[in-house]
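Accompanying notes for the structure given below.
Counting starts at 1 for both ligands and their atoms, in listed order.
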Amino acid sequence: METVSGKGGQIDLRDLTPAQLSDYVVGLGLPAKRARQIFTRLHRPGVFDFFQLGISREVTELLASHATMSSLEPATVEKSTDTTEKFAFRLADGAMIESVLIPEDGRHTLCISSQAGCAMGCGFCLTGSQGFVRNLRPAEIVNQVLAVMTHMVANGINRATSRELLNNLVFMGMGEPLANYDNLLAALTILMDDHGLGFSERRITVSTCGIVPRMDDLGRDIRVNLAVSLHAADDAVRTSLMPVNKTYGLASLLDACRRYPLGKKKVILFEYIMLKGINDSLTDAHLLAEKLQGIPSRINLLPYNGPGEAEYARPDEAQTLAFQKVLREAGFNTFIRQSRGADISAACGQLACKG
Ligand code: SF4
């Protein structure tokens, strides 16, 4: 659950970017150089209150009397047979969110949530079917990372190794990150700062269903990898799956992808959930190849993984392989991704906290 340490104040120091923290610390009458020390210590696993920061008693008491420090502890941790772990967190107001830790080749990818619930209503997504609860604050995004690192430390991994093991952060959990833009940007700024956890731009991926103006903002404001939930190469099909396509159709979405500033050797990751009889024909594959021409791309095909009673079904393997072949022959790096953690409902599109 979410806990809050500190008494008098309203400001949660874990909501603050380094620049905001510096202003705040100076406003308390402390020298600016203190802010860097406080920021570094705030973003260590296993730190739940100001007295664990390891700074002078005087400064500790000053902070504790003016500000708060929130943290998250998992309400539940479920481990899949494939070693994927799902963490459910209860926030201070009772809202539930989830994060998923996916070990792979000795490194870990952490999939984090940006909202409680989601307003985007994608038809194949359990989170979307539950509706929107609220945006997460920057601290609630950052605290997912710290809580998972704390869990790793509690399981015998030392602090430095817990950070080293956490190789990738992906904003692919609950919610549409770009619909919570300002808080996302603050959280990214915090997570990427070298005096804190120091995640590099190469190790963070923000996934969007295609909120075009915010994609432009993201490309302008910060350098991170972009993933786009595409799921169809035809407007009518995409609109039937993803209501956002009514507002931002494929042409404007793919133009935004063309404008997105990519570093050298960088690509946009396109995610394509394979739904039997809906978007899995070879005609769909050829159309997809045509639409993505000129965009440095990597395509992940995700055979549908949802509940059997749902209106969607998973294509058979031969169809998925044939679809992949068309894309590969058209020159696209295309991979079939088997969802991890399906037995604990941690796979793509399955996150939906049951409270
Ligand atoms: S797929 Fe993503 S954007 Fe769509 S409803 Fe689910 S969480 Fe929201």
ask   = For residues 133-171, which residue pairs qualify under ring-ring contact (aromatic ring centres under 6.0 Å, His included), counting only residues two or more places apart or in two chains?
value = Phe87-His151
message = Is Ser229 close enough to touch ligand 1? Criterion: a residue heavy atom under 4.0 Å from a ligand atom.
response = no
message = Tell me whether Glu140 is salt-bridged to Arg134, with the criterion being a basic N under 4.0 Å from an acidic carboxylate O.
response = yes
note = Of all heavy-atom pairs linking Ser281 and Gln319, the shortest is CA-NE2, 3.7 Å
key: Where ligand 1 meets Gly121 - atom numbers and elements under 4.0 angstrom, heavy-atom basis   = 5 (S)
remark   = Short version for Cys122: what comes under 4.0 Å of ligand 1, heavy atoms counted, is both
inquiry  = Report whether any nitrogen, oxygen or sulfur of Cys209 sits less than 2.8 Å from atom 8 (Fe) of ligand 1 (N, O or S, backbone or side chain).
reply    = no
query = Would a 4.5 Å heavy-atom cut-off, applied to side chains only, mark Ser207 and Glu271 as touching?
reply = yes
note = In short, ring-ring contact (aromatic ring centres under 6.0 Å, His included) pairs touching residues 224-243 with sequence neighbours left out are Phe124-His231
message = Under 4.0 Å from a heavy atom of Gly175: which atoms of ligand 1 are those, numbered in the order shown and with their elements?
response = 7 (S)
